[in-house]
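Residue numbers count from 1 along this sequence.
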Amino acid sequence: MKYKLICIDMDGTLLNSNHKISKISKSTLRKAHDMGVHVVISTGRTYVDAVAYSDFIGLNSPIIACTGAIIKEKHGDDVIYKSVIDEEACKKLLKIFNKYNVKPIFNSVYKIYCGDLKLKIGIELLKIRGFINRNVKLNYIKDEEKWFDVFNHEKDNIIKCEIINRNREKIHNLRKELESVSEIEITSSSNHNIEITKKGTSKGKAIEILANYYNIKKEEIIAIGDSDNDLSAIEFAGMGVAMGNANEKVKKKSNFVTDSNDNNGVAKVIVKFILEKLV
């Protein structure tokens, strides 16, 4: 089988524990790219953040960002797909968050709006340390009235919401209540977060849209990931790959389990299923 599209998660997958792309992973992905394979970053992070890592490798393929809510070409303003959480749904979510006393993050295409000042400061520190692209625009939103202004101003651009909280019981109970909101899709990338997009949005759906855009069959697709928000991608792709550090649910749904993110697991997939096929 000749694979034509490779979709790769970032955190816990392409990035090692130091939040870096290894030299081996970089060179291996570039070889696949130079062979004409579409190598696509598929992440829960923002487009602006993801594109910096794609540029670092030297890729030209579009970016799948915000857990599948946007597919955007790297060069120019062309958006292949965008899935928006509408204004009323955003207000409904905010009411639930206030009930649980949690502060949300809402992502537009180009900006992050954060309701937690401490979390905003933490993100700014991550930018300084190079773990997040310094070009990511971050705004602190203090109260409900300001949030309503954001929802109105960005009504065509709010594509993801996220809750980050160390209280796992609170996360569990909040998620249970959010499941009653019919307008949204819910997933996570850790035990301490909830990722919210418009109903029907997922990495898997985004990969399907991109595959149709390029007229690529699902049998010609590899998807690599490690957490729950990668499940839809792994289940859709012809070759779904779990990282060695992935959770058990992801491993059970995968066709193949590679090495961990600290042992060049992504590079080993490219060698096995792309480069060795040429020998």
Task: Candidate pair His33 and Arg30, rule side-chain contact (heavy atoms from CB on, under 4.5 Å), full reasoning - done: CA-CA 5 Å; His33 168 272; Arg30 186 56 192 261; 3.6 Å; yes
- [ ] Output, in order, the C-alpha distance, side-chain angles, deciding distance and verdict of side-chain hydrogen bond (donor to acceptor under 3.5 Å, both in side chains) for Lys74 and Ser54.
- [x] CA-CA 9 Å; Lys74 288 179 58 179; Ser54 180; 3.1 Å; yes
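A heavy-atom distance below 4.5 Å is found between the side chains of Met35 and Leu275. Residues Leu138 and Glu124 have side chains in contact (heavy-atom distance under 4.5 Å, counting atoms from C-beta outward). Taking the side chain as every heavy atom from C-beta outward, Ser189 and Asp228 never approach each other to under 4.5 Å. Within the 4.5 Å cutoff, side-chain heavy atoms of Leu5 are placed close to those of Val40. The side-chain heavy atoms of Val102 and Lys170, taken from C-beta on, include a pair separated by under 4.5 Å. Thr258 places a side-chain heavy atom less than 4.5 Å from the side chain of Met243.
A donor-acceptor contact closer than 3.5 angstrom is absent between the side chains of Thr46 and Asp49. Lys82 and Asn157 share a donor-acceptor pair across their side chains, judged by distance under 3.5 Å alone. A side-chain donor-acceptor contact under 3.5 Å links Glu162 and Asn193. Remark: the Lys203 side chain and the Thr67 side chain contain no N/O donor-acceptor pair separated by less than 3.5 Å. Asp9 and Ser42 share no donor-acceptor pair across their side chains, judged by distance under 3.5 Å alone. Ser22 and Ser25 form a side-chain donor-acceptor contact under 3.5 Å, judged by distance and modelled atom types alone. In the model, Lys205 has no side-chain atom that pairs as donor or acceptor with a side-chain atom of Ser232 under 3.5 Å. Side-chain polar atoms of Ser260 and Asp262 form no donor-acceptor pair below 3.5 angstrom.
Contact detail for Tyr53 and Ile21: the closest heavy-atom pair is CD2-CD1, 3.8 Å. Between Ile221 and Ala211 the shortest heavy-atom distance is CD1-CB, 3.7 Å. Considering all non-hydrogen atoms of both residues, Thr197 and Ala69 come closest at CG2-CB, 4.3 Å. The heavy-atom pair separating Ile123 from Ile105 by the smallest distance is CD1-CD1, 4.4 Å. Across all their heavy atoms, Ser254 and Gly240 have their closest contact at CB-O, 3.4 Å.
Distance alone, capped at 3.5 Å, is enough to place a donor-acceptor pair between the Asn261 side chain and the Leu15 backbone. No donor-acceptor distance shorter than 3.5 angstrom exists from the side chain of Asn18 to the backbone of Lys20, with no hydrogens or angles considered. Distance alone, capped at 3.5 Å, is enough to place a donor-acceptor pair between the Asp230 side chain and the Asp226 backbone. Using a distance-only test at 3.5 Å, with no hydrogens or angles considered, a donor-acceptor pair links the side chain of Asn167 to the main chain of Glu169. In this structure, Asn264 contributes its side chain and Ala267 its backbone to no donor-acceptor pair below 3.5 Å. Remark: the backbone N or O of Lys217 is paired with a side-chain donor or acceptor of Glu220 at under 3.5 angstrom. Between the Ser180 side chain and the Glu177 main chain, a donor and an acceptor come within less than 3.5 Å of each other. For Glu185 (side chain) and Gly200 (main-chain N/O), a donor-acceptor pair under 3.5 Å exists by modelled atom type.
Aromatic ring pairs are classed by plane angle as parallel below 30°, tilted from 30° to 60° and perpendicular above 60°; the pair Phe131 and His19 is tilted.
One finds a salt bridge joining Glu235 and Lys253 here, because a Lys/Arg side-chain nitrogen approaches an Asp/Glu carboxylate oxygen to under 4.0 Å. Here Arg45 pairs with Asp11 in a salt bridge; the nearest charged N to carboxylate O distance falls below 4.0 Å.
Under the 4.5 Å side-chain heavy-atom criterion for ILVMFWY residues, a single connected hydrophobic cluster contains both Val181 and Leu94. A single hydrophobic cluster is not seen to contain both Val39 and Ile207; linkage of ILVMFWY side chains at heavy-atom distances under 4.5 Å, directly or through other members, places them apart. Hydrophobic clustering keeps Ile63 apart from Tyr213 (ILVMFWY residues linked when any side-chain heavy atoms are closer than 4.5 Å, directly or through intermediates).
The aromatic ring centroids of Tyr140 and Tyr113 lie 6.0 Å or more from each other. Checked against the 6.0 Å centroid threshold, Phe256 and Phe273 count as a close aromatic pair.
A cation-pi arrangement, defined by a distance under 6.0 Å to the six-membered ring centre and an angle within 45 degrees of its axis, is absent between Lys160 and Phe106. Judged by the 6.0 Å distance and 45° axis criteria, Lys91 is positioned over the aromatic ring of Phe148. Annotation: cation-pi pair Lys4/Tyr214 absent, no NZ/CZ under 6.0 Å from the ring centroid and within 45° of its normal.
In this structure, Lys103 places its NZ atom where only 12 or fewer heavy-atom neighbours from other residues, nucleotides or ligands lie under 6.0 Å away.
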